[in-house]
Amino acid sequence: MKVAQELTKEEMVDLYRKMQLIRVFEEQAGSQYMRGKIRGFLHLYIGEEAIAAGAISALGPDDYVITHYRDHGHALARGMDPKLAMAELFGRATGSSKGKGGSMHLFDASINFMGGYAIVGGQLPIATGLALAEQYKGTNNVVLCFLGDGALNEGEFHEAMNIAAIWHLPVIFFCENNLYGMGSPVGDVFAVKEIYRMAEVYEMPGKRIDGMDVLAVREAMTEVVDWVRSGNGPYFVEGMCYRFRGHSMADPSEYRHKDDEEYWKTKDPITALRRKLIGDQIVAESDLNDIDLEVEELINEAVQFADESPEPDLSTLYDDILG
Amino acid sequence: MAEITYREALTHGLKEAMDTDDRVFIMGEDIGAYGGAYAVTKGFLEHYGPKRIMDTPIAESGFTGAGVGAAMAGLRPVVELMTINFSLLALDQLVNHAAKIRYMSAGQFTVPLLVRTVTGGGAGLAATHSQNFENWYASVPGMTVAVPSTPYDALGLLRESFKHEDPVLLAEHALLYRLKGEVPDEWYTVPFGQADVKRRGSDVTLVAYSRMVHVALDAAQLLAARGVEAEVIDLRSLRPLDMETIYESVKKTGRVAVVEEAWRTGGFSAELASQVQEECFDYLDGPVARVNGEDVPQPYAINLERASIPDAQKVVDTLASVIGV
Ligand SMILES: Cc1ncc(C[n+]2csc(CCOP(=O)(O)OP(=O)(O)O)c2C)c(N)n1
Ligand SMILES: [Mg+2]
């Protein structure tokens with residue numbers, strides 16, 4: 001693991017708490033889906049927590065986050081109340097979008113969480129627009145845009161990269177390379193093997209980082225965010241990672257090798273940080289156990305809140321189509 | 001063959017085409033190793049190999065356009081667009097190119113491309129993943145749009161597509177894949193532009209397509225309990241469109257409602273209503289009623305979602321309020 005000397009103990013513990021929050025939220029979401037409380041597609045972020053937690057922690061409150069449909073982790077890392085997120089997954093009136101958006105379309109204006117976008121690639125041009133607005137207004141805010149490796153294949157990716165580059169927009173494209181888009185290995189569907197080198201084509205800087213190591217993600221992103229905030233234009237980051245579950249709850253993941261799955265599980269980002277914090281005597285194991293319990297409690301409360309919340313009123317069907 | 005599912009009918013039809021015509025090949029996202037998002041091509045990669053079962057990148061415009069080109073060059077590509085929502089990314093290739101090339105080249109080139117895609121809502125997938133655009137495509141000259149509601153029609157229309165020399169959009173409904181139905185052993189096709197009268201009745205005509213055919217049939221049951229006999233017509237294709245069957249029925253019943261899952265504004269129901277009033281004005285005992293999906297982005301919450309999609313009760317209620325049946 002990275003040393004990340006500049007991080008305080010509190011910051012490291014916070015990264016642990018964020019990752020654990022996402023993990024437990026997702027595990028609960030999975031079991032609530034099995035119980036029929038959540039419907040439709042449910043894409044879990046389990047295994048990839050280090051990216052959302054590490055990258056988003058490098059941002060300031062006025063920066064923007066925008067992402068794809070595997071969005072719970074990013075929303076929670078950005079600070080969405082797990083109650084609002086869980087209630088949204090349950091389709092309840094108290095959810096972040098009053099039950100209208102569901103799992104793939106989370107939004108939270110209060111924390112500049114600009115949404116989960118379920119059409120692959122759709123968020124990328126929008127991210128350039130957010131960045132354009134900040135540049136136009138003369139702020140030094142940045143946009144952090146997540147994409148899956150699958151989105152690399154869409155024309156919108158290349159269009160957005162080009163636009164960001166020619167206009168020097170303050171946007172960071174963070175590709176979560178979890179090696180698969182649904183059942184397709186990235187190497188079978190994308191011509192460029194070292195994905196971070198896509199940046200070169202558009203003459204912007206790019207780097208590949210270990211997306212399973214939250215401290216490495218945080219350290220790299222602190223630099224990247226500084227660079228973009230200083231007016232140097234866009235940046236492309238590739239985080240290597242792995243989703244521990246299927247593409248969605250409906251996917252038994254038969255196309256992946258057991259060995260690979262086992263290998264990646266040994267790199268579990270939460271276990272790794274836990275081991276480091278205890279091993280380096282930064283935090284006592286009992287303190288981490290306390291955090292685990294707190295998180296467990298928080299998510300149980302979120303589930304209870306969601307479950308006890310009412311369905312949206314039928315009269316709201318036509319609300320919010322236009323202002 | 002007896003009872004098979006809608007999915008099995010499609011699988012069967014694709015295999016048949018693959019087995020009998022080596023110009024046929026299939027392209028699409030995760031149709032190979034993954035077996036297709038709706039499992040229609042499960043096992044195909046193992047059986048036919050990667051030359052004919054091509055997993056594509058998530059690049060709808062790219063591989064649909066490749067389908068257009070391959071069709072112009074003499075092959076019979078089948079492009080699977082995982083859902084009709086994603087077909088919007090291929091809209092340019094479909095509308096500006098596939099549907100126009102024969103005309104613009106004065107018949108020098110044809111585009112015998114079959115685009116299979118999945119339409120419809122009701123699966124809890126919310127606004128971006130629950131749409132119906134088959135009616136949009138049906139407004140494009142040069143395009144053929146087939147909308148099967150049963151396993152029989154799914155196979156028949158699929159077979160017809162392979163005989164066709166121009167682009168066909170086959171819109172399969174997401175909620176129908178498990179529907180079972182009789183399919184004969186003898187070879188048959190379902191010609192485009194030939195509606196099917198699903199139920200005879202003399203009091204009111206219900207026109208529907210795709211999953212809404214089943215809703216219309218359910219509504220007919222509710223009406224029958226009240227002594228109203230509905231005639232239910234399944235369009236089976238939107239372009240070409242069999243208006244004759246509708247006119248014949250309306251001239252008999254004098255009352256008609258169109259049941260459609262797509263949004264009301266700009267819905268295909270408006271097209272049908274317009275044609276019916278032009279042709280049958282003197283036969284009508286009331287306005288043409290339209291039962292459409294609500295004009296809202298489809299919400300996720302189950303109660304709102306249900307309220308946004310027509311059901312049998314809504315058909316009955318609309319008939320009562322619009323025509324007084
Ligand atoms: C335009 C479009 N095409 C296809 C899909 C169906 N689809 C949803 S997720 C997905 C795979 C995306 O993979 P990736 O971007 O790598 O994200 P991951 O699931 O690995 O996080 C596909 C093909 C879609 N939602 N949008
Ligand atoms: Mg991926």
Side-chain angles (χ1 to χ4, degrees), chain A residues 38-42 69 88-93 95 97-105 117-122 148-158 180-186 188-191 247-248 250-251 253-256 310-321, chain B residues 28-39 41-42 45 50 54-65 82-90 92-93 121-131 174 263 265 293-309:
Chain A
I38 297 171
R39 52 199 294 267
F41 291 152
L42 180 68
Y69 55 90
E88 189 59 30
L89 268 54
F90 274 55
R92 302 304 166 94
S97 296
K98 301 182 182 171
K100 288 183 167 173
S103 158
M104 301 191 286
H105 311 107
Y117 291 76
I119 300 299
V120 169
D149 46 277
L152 299 166
N153 305 305
E154 289 286 11
E156 282 178 325
F157 167 71
H158 302 273
Y180 289 85
M182 282 183 70
S184 297
V186 59
D188 290 3
V189 287
F190 194 63
H247 167 69
S248 70
D251 169 25
S253 225
E254 281 158 359
Y255 45 85
R256 298 197 301 191
E311 285 187 326
D313 197 88
L314 281 182
S315 67
T316 65
L317 183 60
Y318 276 83
D319 290 355
D320 295 317
I321 295 174
Chain B
E29 293 161 16
D30 280 302
I31 63 163
Y34 197 85
Y38 290 86
T41 53
K42 206 170 177 65
L45 177 64
M54 298 182 67
D55 272 324
T56 63
I58 311 173
E60 288 80 7
S61 182
F63 66 81
T64 302
M82 192 180 285
T83 78
I84 206 160
N85 308 284
F86 317 148
S87 80
L88 297 187
L89 282 84
D92 174 55
Q93 287 299 331
L125 304 181
T128 60
H129 277 56
S130 308
Q131 305 173 96
W263 293 305
T265 301
E294 297 292 320
D295 267 349
V296 300
Q298 193 160 110
Y300 166 71
I302 192 163
N303 63 329
L304 295 182
E305 183 190 87
R306 283 197 182 127
S308 74
I309 303 172

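Because the structure is predicted, anything quoted here is derived from the model rather than measured. Note on naming: letters A, B, ... go to the chains in the order of the sequence lines (proteins, then strands), and numbering restarts at 1 for each one.
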Heavy-atom proximity to chain B below 4.5 Å, by part of A:Phe90: backbone
Bottom line for B:Met54: the part with an atom under 4.5 Å from chain A's heavy atoms is neither
Where do B:Ala37 and A:Met182 come nearest, in terms of heavy atoms and distance? CB-CE, 4.5 Å
Just checking, is any N or O donor in the side chain of A:Ser184 or B:Asp55 under 3.5 Å from an acceptor N or O on the other one? no
Partner chain A: residue of B:Gly62, B:Pro57, B:Gly35 with the largest heavy-atom pair count (under 4.5 Å): B:Pro57
Judged by atom type as modelled, is there a donor-acceptor pair below 3.5 Å linking the side chain of B:Tyr300 to the main-chain atoms of A:Gly40? no
Do the side chains of B:Tyr34 and A:Asp251 get nearer than 4.5 Å, heavy atoms only? yes
Top contributor to chain B contacts, counting heavy-atom pairs under 4.5 Å, from A:Ile119, A:Ile321, A:Val120: A:Ile119
Which bit of A:Leu152 comes within less than 4.5 Å of chain B, counting heavy atoms only: side chain, backbone, both or neither? neither
Mind running side-chain contact (heavy atoms from CB on, under 4.5 Å) on A:Thr316 and B:Leu304 for me, showing each step along the way? CA-CA 8 Å; A:Thr316 65; B:Leu304 295 182; 3.9 Å; yes
Counting only heavy atoms closer than 4.5 Å, note whether B:Ser61 contacts chain A via side chain, backbone, both or neither. neither
Atom CG of A:Leu317 and atom CZ of B:Arg306: how far apart are they, to the nearest 0.5 Å? 14.0 Å
With a 4.5 angstrom heavy-atom cut-off, could you sort out which part of A:Leu42 is near chain B: side chain, backbone, both or neither? neither
Do A:Met104 and B:His129 pass the side-chain contact (heavy atoms from CB on, under 4.5 Å) test, and can you show the C-alpha distance, the side-chain angles, and the key distance before you say yes or no? CA-CA 10 Å; A:Met104 301 191 286; B:His129 277 56; 3.8 Å; yes
Using non-hydrogen atoms and a 4.5 Å limit, figure out which bit of A:Asp313 sits close to chain B: side chain, backbone, both or neither. backbone
Assert top hit (heavy-atom pairs under 4.5 Å, partner chain A, pool B:Ala123, B:Ala33, B:Ala127, B:Pro297) equals B:Ala123
Sidechain-backbone polar pair: B:Asp30 side chain, A:Gly183 backbone, donor-acceptor under 3.5 Å: yes
Winner by heavy-atom pair count (cut-off under 4.5 Å) against chain A, out of B:Asn303, B:Leu125, B:Leu89: B:Asn303
Which pair of non-hydrogen atoms, one from A:Gly91 and one from B:Ala301, has the smallest distance, and what is that distance? O-CB, 3.3 Å
Which one, A:Glu254, A:Glu311, A:Arg92, leads in non-hydrogen pairs under 4.5 Å with chain B? A:Glu311
Go through the atoms of B:Ala307 and report whether side chain, backbone, both or neither lie under 4.5 Å from a heavy atom of chain A. both
Given a strict heavy-atom distance threshold of 4.5 Å, which part of B:Thr83 is in contact with chain A: side chain, backbone, both, or neither? neither
In terms of side-chain heavy atoms, does B:Glu294 have a donor or acceptor partner in A:Tyr318 at a distance below 3.5 Å? yes
For B:Glu305, which atoms come within 4.5 Å of any heavy atom of chain A: side chain, backbone, both, or neither? side chain
